[in-house]
Enquirer: 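Structure provided below as structure tokens; questions to follow.
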Amino acid sequence: MNLSMNKAICSAAIIALMTMSVTSCNKQAPKVDEKPTTTSTSNTDMKIAYIEVDSIMSQYKFCKEYSQILDKKSQNIQNTINSKGRSLQNAVAKFQQDIQNNKYTQQQAEAVQAGLQKQDADLRELQQRLGTEFQAETEKFNKALRDSIQHFLAAYNKDKKFSLILSKAGDNILYADKAYDITDEVITGLNKAYKPTTKKK
């Protein structure tokens with residue numbers, strides 16, 4: 001089981017948000033070559049901007065803090081499963097050795113084997129339960145992340161009045177003029193509004 005928290009969680013949450021919750025000021029088709037200025041000579045008032053997802057992941061304090069929290073939780077889960085798994089392996093190895101040394105009657109061997117099988121089933125059940133709990137925690141984090149960005153952009157765009165705000169991650173946008181990049185503004189605003197959930201010592 002690999003429950004390690006990584007950047008893909010933040011990335012997926014942000015991309016999903018930016019895909020579903022762009023702000024539209026009108027119903028006209030977007031023109032990607034239009035400059036995001038209010039003095040455009042285009043026949044449309046469409047304004048477009050984009051945000052670099054990698055920068056949000058690496059610089060937004062909320063994302064960094066919760067990534068650390070989930071990483072720690074993931075590591076604790078993995079350590080627990082590994083520890084119990086090693087104990088079971090050792091018990092199985094001892095059982096096999098005792099069988100070879102004829103230390104059990106058939107009835108005793110069957111009882112020990114049944115006990116080991118139960119340990120294995122319990123371990124699998126624990127792994128599934130902890131994995132489900134971790135997934136729920138991850139989903140809770142993703143929702144909080146989406147909400148925080150969505151609320152900020154709603155307030156941010158009251159003055160900016162962009163028609164479309166896109167997420168740029170990897171090569172999902174093959175070309176983007178830096179004139180459309182509002183990443184730094186958004187990160188600054190997000191971090192200014194963010195209140196850490198953990199107290200610093």
Side-chain angles (χ1 to χ4, degrees), residues 1-26 30 36-38 46-81 126-173 176-201:
M1 177 182 64
N2 183 5
L3 297 173
S4 179
M5 172 63 186
N6 53 53
K7 291 183 178 180
I9 294 176
C10 265
S11 178
I14 296 171
I15 292 173
L17 164 72
M18 301 302 293
T19 300
M20 296 185 294
S21 61
V22 294
T23 303
S24 178
C25 294
N26 56 55
T37 63
T38 56
M46 176 75 73
K47 291 176 61 180
I48 298 174
Y50 72 87
I51 299 173
E52 292 277 2
V53 172
D54 287 347
S55 297
I56 294 287
M57 290 189 297
S58 63
Q59 298 177 44
Y60 183 19
K61 294 177 182 178
F62 176 89
C63 192
K64 292 195 294 183
E65 178 181 335
Y66 272 87
S67 292
Q68 292 173 356
I69 291 173
L70 290 176
D71 274 337
K72 184 176 181 180
K73 184 178 182 67
S74 171
Q75 190 60 54
N76 288 339
I77 291 173
Q78 197 65 56
N79 290 341
T80 297
I81 297 301
L126 176 64
Q127 183 175 2
Q128 182 175 1
R129 177 171 61 80
L130 293 178
T132 299
E133 291 176 358
F134 182 81
Q135 181 63 32
E137 187 72 16
T138 300
E139 291 173 358
K140 180 181 176 182
F141 157 71
N142 282 338
K143 183 180 184 303
L145 176 62
R146 289 193 299 270
D147 288 347
S148 69
I149 297 177
Q150 188 174 38
H151 291 161
F152 172 79
L153 289 179
Y156 171 84
N157 206 47
K158 286 182 180 179
D159 293 329
K160 299 296 182 178
K161 300 187 183 305
F162 288 111
S163 302
L164 197 65
I165 300 178
L166 305 174
S167 62
K168 183 176 184 296
D171 59 357
N172 68 319
I173 297 178
D177 192 319
K178 289 296 289 183
Y180 294 90
D181 190 353
I182 60 171
T183 306
D184 290 343
E185 286 183 52
V186 171
I187 291 174
T188 298
L190 285 169
N191 285 334
K192 184 177 180 180
Y194 176 58
K195 294 178 174 56
T197 58
T198 58
K199 296 180 179 179
K200 294 183 179 180
K201 295 183 180 179

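Values below: all heavy atoms of this structure, side chains included; hydrogens, waters and symmetry mates excluded.
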Enquirer: Mind checking salt bridge (charged side-chain N to carboxylate O under 4.0 Å, His left out) for E133 and listing every partner two or more places apart, or none if nothing turns up?
Expert: R129
Enquirer: What is the minimum heavy-atom distance between C63 and S67, and which atoms define it?
Expert: O-OG, 2.7 Å
Enquirer: Within this structure, what is the OH-CZ distance for the pair Y156 and F162, rounded to the nearest 0.5 Å?
Expert: 5.0 Å
Enquirer: Once side-chain hydrogen bond (donor to acceptor under 3.5 Å, both in side chains) is applied, do any residues pair with N79, and if so which ones, sequence neighbours excluded?
Expert: Q75
Enquirer: At their closest point, which heavy atom of T183 faces which heavy atom of S55, and how far apart are they?
Expert: CG2-CB, 3.6 Å
Enquirer: Are any non-hydrogen side-chain atoms of V186 and I165 less than 4.5 angstrom apart?
Expert: no
Enquirer: Would you say that I51 contacts L153 through its side chain, given a criterion of any heavy-atom pair below 4.5 Å between the two side chains?
Expert: yes
Enquirer: When rounded to the nearest 0.5 angstrom, what is the spacing between CE in M57 and CD1 in I187?
Expert: 10.5 Å
Enquirer: Kindly give the heavy-atom pair with the smallest separation between M46 and S163, and that separation in Å.
Expert: SD-CB, 2.9 Å
Enquirer: Taking the side chain as every heavy atom from C-beta outward, state whether F62 and F141 have any pair of such atoms under 4.5 Å apart.
Expert: yes
Enquirer: Holding to salt bridge (charged side-chain N to carboxylate O under 4.0 Å, His left out), I want the full list of residues that pass it with K178, two or more places apart in sequence or in another chain.
Expert: D181
Enquirer: A side-chain contact here means heavy atoms from C-beta on lying under 4.5 Å apart; do I182 and Y50 qualify?
Expert: no
Enquirer: Please list, chain by chain and in numerical order, all residues satisfying side-chain hydrogen bond (donor to acceptor under 3.5 Å, both in side chains) with E137, sequence neighbours excluded.
Expert: none
Enquirer: Which heavy-atom pair separates K64 from S58 by the least distance, and what is that distance?
Expert: CD-O, 3.0 Å
Enquirer: Who are the salt bridge (charged side-chain N to carboxylate O under 4.0 Å, His left out) partners of K73, not counting sequence neighbours?
Expert: none
Enquirer: Compare every heavy atom of I81 with every heavy atom of Q127, then report the nearest pair and how far apart it is.
Expert: CA-CD1, 3.7 Å
Enquirer: With sequence neighbours excluded, what pairs up with E185 under the salt bridge (charged side-chain N to carboxylate O under 4.0 Å, His left out) test?
Expert: K160
Enquirer: Answer yes or no: is there a side-chain heavy-atom contact under 4.5 Å between N172 and S167?
Expert: yes
Enquirer: Roughly how far apart are K192 NZ and K61 NZ, rounded to 0.5 Å?
Expert: 12.0 Å
Enquirer: In Å and rounded to the nearest 0.5 Å, what is the CD1 to CG distance from I149 to L145?
Expert: 4.0 Å
Enquirer: For residues K161 and K158, report the shortest heavy-atom separation together with the two atoms involved.
Expert: NZ-O, 3.1 Å
Enquirer: Side-chain contact, heavy-atom cut-off 4.5 Å: S74 with F134?
Expert: yes
Enquirer: Nearest 0.5 Å please: distance from the CG atom of D71 over to the OH atom of Y66.
Expert: 14.5 Å
